[in-house]
Amino acid sequence: MALMLASARRGVASLAAMPASRSMSTVVYANYACYDGNTVMSMRPSLPKFRSKSYGWSLSRRGAVALEFNERTEEEGRFVSENQTTFQLDLAEIGEIAVDTTGHLKFVHQVKREESQPIVKELVVQHDPTKRKVTFTLTVNNEGDAVTRSVSVTEGNFFSMKSIMVSALPHLAGWEMIMDPSKVTEQHYADQGER
């Protein structure tokens with residue numbers, strides 16, 4: 001049975017589940033998207049990766065939650081992949097978001113490259129209790145060329161985002177597969193795709 005909840009406007013999630021009759025190797029997309037004017041922030045899981053060993057499966061890379069920011073183009077008024085910037089929240093960062101009581105968090109990642117300066121990504125999560133909003137601001141600095149995207153979500157959307165992320169933690173850590181190795185599918189193979 002397929003489940004779909006969708007909204008064309010601001011701050012509402014889009015979820016989809018595939019029919020149970022489909023193959024376990026089918027790729028499923030279930031992004032949670034929040035819109036703020038001409039900017040969208042989409043949240044999706046990045047699956048853990050496993051390598052096949054003679055004795056079974058070995059965790060190669062833990063999963064994460066990808067926050068993808070995009071802006072509408074001025075010319076066409078639509079979202080294009082070239083405008084997208086991404087920040088991968090690891091398990092510890094998801095935990096920080098879940099337990100934070102300060103209302104202000106900052107995460108910094110450096111993406112190293114062989115013959116260039118590293119790309120520096122900074123994500124700031126700021127709670128404004130007077131407006132009952134939480135603002136996500138991602139700045140990506142690529143050799144002095146900085147791009148900033150910002151999306152404000154309601155406290156209700158923020159609660160839903162935290163709940164989804166926390167409930168995904170055992171799967172992102174690979175523990176779900178320890179309990180049931182048959183759940184390791186082609187999507188989890190270490191040589192499939194990049195984060």
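The nearest pair of heavy atoms linking Arg149 to Asn83 is NH2-O, 2.7 Å. Across every non-hydrogen atom of Lys112 and Pro118, the tightest pair is CA-CB, 4.2 Å. Nearest heavy atoms, Phe136 versus Phe69: O-CE2, 3.8 Å. Closest approach of Ser46 to Leu172, counting heavy atoms only: O-CD2, 3.6 Å. Nearest heavy-atom pair across Ser152 and Asp36 is N-OD2, 2.8 Å.
The shortest distance between side-chain heavy atoms of Gln88 and Val111 does not fall below 4.5 Å. Here the side chains of Arg62 and Asp90 are not in contact, with every heavy-atom distance at 4.5 Å or above. Side chains of Asn70 and Ser42 form no contact here, defined as non-hydrogen atoms less than 4.5 Å apart. Taking 4.5 Å as the limit, every side-chain heavy atom of Leu169 sits out of range of all side-chain heavy atoms of Trp175. Side-chain contact check for Lys121 versus Leu123: every heavy-atom pair is 4.5 Å or farther apart.
Between Phe87 and Phe107, the ring planes are tilted. Angles from 30° to 60° get that label.
Note on Ile164: it clusters hydrophobically with Val151, by side-chain heavy-atom contacts below 4.5 Å among ILVMFWY residues. Neither Val140 nor Val124 shares a network with the other; the hydrophobic side chains, linked directly or stepwise wherever heavy atoms of I, L, V, M, F, W or Y lie under 4.5 Å apart, form separate groups for each.
With rounding to the nearest 0.5 Å, the separation of CZ in Arg44 from OG1 in Thr86 is 6.5 Å. Taken from NE2 in His171 to CG in Leu47, the straight-line distance is 4.5 Å, to the nearest 0.5 Å. Note that CD of Gln110 is 9.5 Å distant from CD of Gln117, once rounded to the nearest 0.5 Å. Separating the CD atom in Glu93 from the CG atom in Leu67 is a distance of 9.5 Å, to the nearest 0.5 Å. In this structure, CD on Glu71 lies 4.0 Å from OG1 on Thr39, to the nearest 0.5 angstrom. Separation of atoms CE (Met165) and CG (Leu91) is listed at 11.5 Å; rounding is to 0.5 Å.
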(Q) What verdict does the side chain to side chain contact (heavy atoms under 4.5 Å, CB included) test give for Glu96 and Val125, after you've listed the backbone C-alpha separation in whole Å, the side-chain angles of each residue and the deciding distance to 0.1 Å? (A) CA-CA 11 Å; Glu96 288 292 323; Val125 183; over 6 Å; no
Q: For side chain to side chain contact (heavy atoms under 4.5 Å, CB included), just list the numbers for Thr135 and Asp128, CA-CA rounded to whole Å, side-chain angles, deciding distance to a tenth of an Å, and then say yes or no.
A: CA-CA 8 Å; Thr135 301; Asp128 184 346; 6.0 Å; no
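Checking each of Asn141, Thr137, Thr139 against Thr148 for a side chain to side chain donor-acceptor pair (under 3.5 Å) leaves exactly one that passes, namely Thr139. Partner Glu155 forms a salt bridge (charged side-chain N to carboxylate O under 4.0 Å, His left out) with one of Arg132, Lys162, Lys131, Lys133 and no other, that one being Arg132.
With hydrogens and angles disregarded, no donor-acceptor distance shorter than 3.5 Å links the side chain of Asn31 to the backbone of Ala33. Under the 3.5 Å distance criterion, the side-chain polar atoms of Asn38 are left unmatched by any main-chain donor or acceptor of Arg72.
Atom CD of Glu143 is surrounded by more than 12 heavy atoms from other residues, nucleotides or ligands within 6.0 Å.
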